[in-house]
Structure formats: structure tokens, C-alpha cells
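Inspection log for the structure reproduced underneath, given as C-alpha cells.
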There are 2 protein chains.
Amino acid sequence: MSEAGPRAERRPTRQRAALTDELAGTAEFRSAQDIHASLSASGTRVGLATVYRNLQAMAADGEVDVIRTTEGEAVYRACASEQHHHHVVCRGCGLTVEVTGDAVERWAEAVARDHGFSQVRHTLEIDGLCAGCGVRDPR
Amino acid sequence: MSEAGPRAERRPTRQRAALTDELAGTAEFRSAQDIHASLSASGTRVGLATVYRNLQAMAADGEVDVIRTTEGEAVYRACASEQHHHHVVCRGCGLTVEVTGDAVERWAEAVARDHGFSQVRHTLEIDGLCAGCGVRDPR
DNA sequence: TGCGCAATGAGAACCGTTGTCAAACGCGCG
DNA sequence: CGCGCGTTTGACAACGGTTCTCATTGCGCA
């Protein structure tokens, strides 16, 4: 499956550093555009294309997590843990919690193999309303 | 969990019927564009916007499954089963198998609640190489 | 300090998807 | 059986996120 791959030595640049800092500053998933806007706002001029490029590269190297919102937009976040994990995201405020679940990992693997699949991967995202949001928005 | 909603009576039309037939004809996930092209090819003239609209409506009513490819494109497929389920998709040929896993459902629910979340939903997709594809493409 | 090449930036290009709005059509009614 | 109304359609413009292009910048190394 070739992921979390060869940390091809990327040349350190001011832009990449700024991006890393920005990501380190928040715990929530953010879109590339959002991150770019945030950087610009704080006076750090970085091209949008650069943000996308770096984000992709970092994601490929496993430095950041990427998930797709239901609308198809990609959102990124610095990994809190190196190991494989999943997220529980609040639909109301974006609060994110990382969770691991060996049971699930094994289950997915087993189910896939039962059907003759190999090189198994999986994506699992859980979302709901966090304690705070759940009270008011019974959407 | 508030999905598979109110089958608001939709007016039967030639286009919708064609779309349903087309979906019934294949077992794999296909993009709206692909389906549209296929219909056009078989002489059935249907507007692209109509395909999108109906696909969305059907998805909202739980008549079809929708998942996002890693590239962010939405792909649809007629549900084989009415109940909640997940998919194991072959990265090589697109072969899809539906699976259910109560254990996982419960796990996701439990984990989310442990963190104070309510109104929990989840998405879980598994992919790998099916028996046929796994042999040759060790990619 | 000078070079070579990766990285960057600005903007155009892409592409899937959604919105617009007039025309077409299904349906219930008279 | 024809009519009118409201839904659905279709062609196409508009959108929004992401990627590409290509000239310019600036690391890293000799």
C-alpha cells in the first residue's frame, strides 16, 4: 500500500516551517484554505499552492492526518500519535478526539481476508455531538 | 440515528427509472459522471444535473450507498441490503463486498459515548486487493 | 561565492458538483 | 378528455477546492 512512506529528504524552508508551526498550534482538523488564510492573517506570506503541496507531502509521510469531510473537502491536522488511530469529531464545534481500537483493526483485517482480500487498509471516522453541543443542537 | 429518511413521494419519471435501471445493472460503485455517460451511450438522454439530483435524493432516502473516493469524488451504488453496512472495495478492479459488523457498530458507539458524544454516526470503508488482483499487482 | 536543482508563488486551468431558469411533463380535476 | 399547477428536467453558467504551469527564489554543497 505504500503509505507513510519514504521520508524523501525535503528541503527545509521558511514556508514549511510556518506551516508546521501553524499545525502545531491547533488540535482540530482544518482545511488547507483555512490554514492558508490563518498564515496570511498572521503576516506570513505563503502561496496557497505551497500549502497544498506541503500538506500533501506531509500527509504522504504520515506527519499529518487527512480526512475528507462529507462535502469532499480535505482537512488536515498534525498527528498526536504516531501510531494508527481514528477520530471522533464533533459535528457542532469540530472538537476532535483520537482513539485507537485494536479490536476494530483486527476485525477489518479479518473480514477483508475472509473475502479473499489482501493489502488491507481502512478508514474509519466517527462523528457525533460532543457533550457541549449535544445539549442544544438536537439536529 | 436519523438517516434513511422520509421517502417523500417523488414523482416517477422516465429519467429516474433509467437511472434506477442503470444502477441495478451493476454491482460496483460508480461516479455520477460515469453513470451519466453510460446512460448517454445507451441512447438514454438524461441531463447531468438530473443524474446528480436524483442520486442525491436516492442517497438521502437510503436507496443507494454513497462513499467518497480518496480523491474526493462521490460514487454511488444501489444498496444490496437495507440495513446499515460497510464495504470492502478492491483497489484494483473495484469489486465490492458488503459486510456488516455489529461488533464494530457497538464499539464506535461506545467509544464515542465514553468521550461524551451523542448522536453518533460513523463511516468505515475497507479496501484492499481482491484475490484476483492481489496476485499480480503487489503495488 | 557560484551552481544546480528543489521549492515557491501567482494565477490560470481543471473538474466535480451545484445553482439558475425557462420549458417539459405527470397528475388530479372538472 | 383537456386543463392547469406544481414538480422535474435540461442546458449551461457559476462555484469551490485542488492541481498545474512556469518563471523566480533560495537551499545545500563544492
Side-chain angles (χ1 to χ4, degrees), chain A residues 5-23 28-61 63-77 94 125, chain B residues 5-23 28-61 63-77 94 125:
Chain A
R7 69 233 33 242
E9 49 190 278
R10 281 177 276 122
R11 188 180 292 179
T13 64
R14 173 181 64 76
Q15 294 81 342
R16 179 185 299 283
L19 190 47
T20 303
D21 284 354
E22 182 65 32
L23 284 170
E28 310 312 332
F29 277 94
R30 306 172 62 193
S31 69
Q33 310 250 13
D34 179 38
I35 294 172
H36 174 249
S38 187
L39 285 173
S40 300
S42 65
T44 313
R45 295 186 62 271
V46 179
L48 180 56
T50 301
V51 173
Y52 273 104
R53 272 187 300 241
N54 281 316
L55 244 20
Q56 283 179 178
M58 294 167 83
D61 287 2
E63 290 173 36
V64 298
D65 287 331
V66 202
I67 59 180
R68 290 266 175 185
T69 64
T70 37
E71 296 82 54
E73 186 180 30
V75 286
Y76 308 78
R77 195 186 77 155
E125 299 301 337
Chain B
R7 74 233 33 237
E9 48 190 278
R10 281 176 276 122
R11 188 181 292 179
T13 64
R14 174 181 62 76
Q15 294 81 342
R16 180 185 299 285
L19 191 47
T20 302
D21 284 355
E22 183 65 31
L23 284 169
E28 310 315 330
F29 277 95
R30 306 173 60 193
S31 69
Q33 310 250 13
D34 178 39
I35 294 171
H36 174 248
S38 187
L39 285 173
S40 300
S42 65
T44 312
R45 295 186 60 267
V46 179
L48 179 57
T50 300
V51 173
Y52 274 105
R53 273 187 299 243
N54 280 316
L55 244 22
Q56 284 179 176
M58 295 166 83
D61 288 2
E63 290 173 37
V64 298
D65 287 330
V66 201
I67 59 179
R68 290 265 176 188
T69 63
T70 38
E71 295 83 53
E73 185 178 31
V75 285
Y76 309 79
R77 194 186 79 155
E125 298 300 336

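Quick note on labels: first sequence line is chain A, next is B, and so on, each numbered from 1.
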Would you say B/Met58 and B/Leu23 make side-chain contact, with heavy atoms under 4.5 Å?
yes
Rounding to a whole Å, what distance do you find between B/Tyr76:OH and C/dG16:P?
12 Å
Atom pair distance, as rounded to whole Å: CG in A/Leu55 and C1' in C/dA7
15 Å
Cut-off 3.5 Å, no hydrogens considered: what does the side-chain donor-acceptor table look like for residues 46-53 of chain A, sequence neighbours left out?
{"residue": "A/Thr50", "atom": "OG1", "partner": "A/Arg53", "partner atom": "NH2", "Å": "3.3"}
{"residue": "A/Tyr52", "atom": "OH", "partner": "A/Gln33", "partner atom": "NE2", "Å": "3.3"}

Out of C/dG16, C/dT20, C/dC5, minimum distance to the side chain of B/Arg53 belongs to C/dT20
Give, for atom CD of B/Glu71 and atom OG1 of B/Thr69, the distance between the pair rounded to the nearest 0.5 Å.
4.0 Å
Which residue is it: A/Ile67, A/Val66, A/Asp65, A/Leu55? I am looking for the one with a side chain to side chain contact (heavy atoms under 4.5 Å, CB included) to A/Val75.
A/Ile67
For B/Leu39 and B/Gln15: C-alpha separation, side-chain torsions, deciding distance, then whether side chain to side chain contact (heavy atoms under 4.5 Å, CB included) applies.
CA-CA 10 Å; B/Leu39 285 173; B/Gln15 294 81 342; over 6 Å; no
Closest heavy-atom contact between B/Arg10 and B/Ala57?
CD-CB, 4.1 Å
What residues in residues 40-48 of chain B put a non-hydrogen atom under 4.0 Å from any atom of DNA chain D?
B/Arg45, B/Val46, B/Gly47
Distance check: side-chain N/O of A/Thr50 vs OP1/OP2 of C/dA7, anything under 4.0 Å?
no
Between CD1 of A/Ile35 and CD of A/Glu22, what distance do you get to the nearest 0.5 Å?
7.0 Å
What is the distance, rounded to the nearest whole Å, between atom CD of B/Glu71 and atom P of C/dC15?
14 Å
What is the distance, rounded to the nearest whole Å, between atom CZ of A/Arg16 and atom P of C/dA6?
14 Å
Tell me the salt bridge (charged side-chain N to carboxylate O under 4.0 Å, His left out) pairs involving residues 33-47 of chain A, sequence neighbours left out?
A/Arg30-A/Asp34
With axes from five pairs an end, tell me the bend angle of the helix from C/dT1-D/dA30 to C/dG30-D/dC1, nearest 10°.
30°
Nucleotide interval of DNA chain D bounded by contacts with chain A (heavy-atom cut-off, under 4.0 Å)
D/dG17 to D/dG28
Atom pair CD/CZ of B/Glu73 and A/Arg68 - distance to nearest 0.5 Å:
10.5 Å
Send over the distance from B/Arg68 CZ to C/dG16 P, rounded to a whole Å.
12 Å
5' precedence on DNA chain C between B/Gly72 and B/Arg14 (nearest-nucleotide basis)
B/Gly72
Output all residues satisfying side chain to side chain donor-acceptor pair (under 3.5 Å) with B/Glu28, sequence neighbours left out; order by chain, then residue number.
B/Thr96
Taken to the nearest whole Å, CZ/B/Arg11 to C1'/C/dA24 is 11 Å
Rounded to the nearest 0.5 Å, the OH atom of B/Tyr76 sits from the CD atom of B/Gln56 at a distance of 5.5 Å
Determine, stepwise, if the pair B/Arg14 / B/Thr44 fulfils side chain to side chain contact (heavy atoms under 4.5 Å, CB included).
CA-CA 9 Å; B/Arg14 174 181 62 76; B/Thr44 312; 3.9 Å; yes
Between atom CD in A/Glu73 and atom P in C/dG16, what is the gap in whole Å?
18 Å
Between C/dT17, C/dG9, C/dG26, spot the one nearest the side chain of A/Gln15, thanks.
C/dG9
Closest nucleotide among C/dG26, C/dG9, C/dT20 to the B/Pro12 side chain:
C/dG26
Please check the phosphate of C/dT18 (OP1 and OP2 only) for any side-chain N or O of B/Tyr52 closer than 4.0 Å.
no
Calculate the interatomic distance between A/Met58 atom CE and C/dA7 atom C1'; express it in whole Å.
15 Å
